[in-house]
2 protein chains.
Amino acid sequence: MGDVVESKEWYLAAYCPKGVPTSDHLKLRTISLSLAFDSIPDNHLAVETLLLSVDPYLRGTITGTIEGLYMPQFQPNQVLSIFSVVRVIRSKDSKYIEGDLVLNGFGLVAEYSIVPSSHIIRKIDPSNGISLSDYLGSLGVPGFAAWIGIEVLGDPKAGSNVFISAASGAVGMNAGQLAKIRGCRVIGSTGSDDKVKLIKEEFGYDEGFNYNKETNYDAALNKYFPDGIDVYLDNVGGKMLEAVLNHVNKNARIPLCGMISQYNKVWTEREGVRNLLNMVGKEVRMEGFMLGSYWHRFGDFAKDMERYIQEGKVKSKSKINIGIESFLESFNSLFSSSKIGKVVVQVKAY
Amino acid sequence: MGDVVESKEWYLAAYCPKGVPTSDHLKLRTISLSLAFDSIPDNHLAVETLLLSVDPYLRGTITGTIEGLYMPQFQPNQVLSIFSVVRVIRSKDSKYIEGDLVLNGFGLVAEYSIVPSSHIIRKIDPSNGISLSDYLGSLGVPGFAAWIGIEVLGDPKAGSNVFISAASGAVGMNAGQLAKIRGCRVIGSTGSDDKVKLIKEEFGYDEGFNYNKETNYDAALNKYFPDGIDVYLDNVGGKMLEAVLNHVNKNARIPLCGMISQYNKVWTEREGVRNLLNMVGKEVRMEGFMLGSYWHRFGDFAKDMERYIQEGKVKSKSKINIGIESFLESFNSLFSSSKIGKVVVQVKAY
């Protein structure tokens, strides 16, 4: 490893208020970066990126519109950052040595970077039988989101009726399994018959339906929830959220994790939810959440989830795309219903 | 008082799925009712109605449509019931004697009735300086709703920015004063310049705006909430709720008390709220509530509120319509912006 490396990185070229971001909005460039030991500040690490997490929430951070009030926005020309698994090349923090694998909470979408060690969430023990991509999936952003949605905000009892949209997605697959561990009846909606089969056979959902086939959501929920819905983990918003509000039980809880069906529209063009009045009569609680407010719980989550993975109680699927060049395409795949499970980009073989 | 009286009563003749109820839906009839002592069951009281509370929530109980799932529905031919102040005529419960004034939680909309004493919420001491109509206003359904919305669910801190819609209505006037007692900055929206003047001068709101004049709600909220909204007590739903969601602060709370702008429409014709995604980024909690789930807190509420009224910290306005015949007209006045404060019907002079 020389002192200066060529490093490819993705940066925000222009805000994307609506639609799917293109290479006009997110661009790849190559910079020269000095990794010379003397150029690394104290309590910083030089790292090379192995795996990048590809998460839908990023969509909200590059709109530059009124949503800018509601999610922190990247600035033009700024390199994107996201959860990543990186390897330490050089360390100016005595807690880390060259070769350590670590989870980086604000990893630049770049091949190489210098990072403050305060951004490191945990070390990764490659010998514990958990695949590296799981640290970005079940043990990363989507797993943590699923855990907050189910364990903290949804808090279903054994026997509760739990509904999860985007059920085969990175959050959904984890959420469904966490609800099953709690003894709930769990139903998921997803975008194909194959994915319905997957969530039932692989992730233990009791039932599932293909929202592209059963397009009358109200009828579908009527069929799958004869006793109503106690907890709905909303990953999609729009028409599905509206349909759910016609089937909620008293004191139902609706943690709002994100709204994949709505991200690519400006808000005035989004699907309005017309039946919020149902929340009054049924005393429903709907609550949005961001992971940043729950970092103090990350340790509890990681301990639970690691055990579940090792005991085989939580399984996962991921789609690993090769090469940092694939980041934009990988990101856009989140908005098609073709993908299954957690999407990651492998920047470097490990 | 003879043993048999003629008693006028309002009953549900036909469900009213949309629009304002008319005399096709709610009808007045006269029955003969025996008040003979021997015909009164144990632990029951014969009472005459003095004052009837007229509350918007009643609208949701006579739709007979899908909303029937969300509010308990009156049955065809059933006499309506509502909070009322009644006088005991004959008592078969040793806790009550003839002449007692009591607050009846399920008072029939009738001149006379036989009621189980378990329906009596409290005795009223006519010598304590509180007007009888206040027992149906600040100390009744709307006051209790305001207290739950502000004290229990909204829970604003001193200095918080609180917004209240339908601010000069029965709930709003109490809610604004409760938030002021907590030291908040309180802004209200209401339907005329006179009512804006009233909420500021009489109820201590810091600011108010006339939503019929400042029809761009987004611009109005931008002007009155330069620092954003921490708590919004929603009494109207629809476009105002949507506008609020563009101005919420992190961890804002939105207790949903009712949605007066939406009651007379079937749900598919209601105004959709398109920006619920803002609840994710700002981690907003929206929660519907019904008084029935909070009866265990009624004593705490009544103790607080009685003191506030006696200390002059909570003032109120009411509109007293004379005669049980005026019940339907009084009820429909809730949906026009002409009324101010609490609407009651005086059935009998006292």
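We name chains A, B, ... by the order of the sequence lines, and we start the count at 1 in each one.
Closest approach of A:Leu233 to A:Ala175, counting heavy atoms only: CD2-CB, 3.4 Å. Across every non-hydrogen atom of A:Pro156 and A:Arg253, the tightest pair is CA-NH2, 4.2 Å. In this structure, A:Ser168 and A:Thr190 approach most closely via the heavy-atom pair OG-OG1, 2.9 Å. For the residue pair B:Pro21 and B:Cys16, the shortest heavy atom distance occurs at CA-SG, 3.8 Å.
Annotation: maximal heavy-atom pairing with chain B below 4.5 Å, among A:Arg285, A:Met286, A:Met279, occurs at A:Arg285. Among the candidates A:Val248, A:Asp234, A:Leu241, A:Asn251, the residue making the largest number of heavy-atom pairs closer than 4.5 Å to chain B is A:Val248.
Of the two parts of B:Leu153, neither the backbone nor the side chain holds a non-hydrogen atom closer than 4.5 Å to a non-hydrogen atom of chain A. Only the backbone of B:Val284 has a heavy atom closer than 4.5 Å to any heavy atom of chain A.
Evaluation of the ring pair (Phe, Tyr, Trp, His ring centres under 6.0 Å) rule for A:Phe331 yields A:Phe335 as partners, not counting sequence neighbours. Taking the side chain to side chain donor-acceptor pair (under 3.5 Å) definition, one finds that A:Asp55 meets it with A:Ser53, A:Lys342, sequence neighbours left out. Looking at residues two or more places apart in sequence or on another chain, you find no ring pair (Phe, Tyr, Trp, His ring centres under 6.0 Å) involving B:His25.
A salt bridge is absent between A:Glu271 and A:Lys239; no separation between the charged side-chain nitrogens and carboxylate oxygens falls under 4.0 Å.
Contact residues of residues 287-298 of chain A toward chain B are A:Glu287, A:Gly288, A:Phe289, A:Met290, A:Ser293, A:Tyr294 (heavy-atom distance under 4.5 Å).
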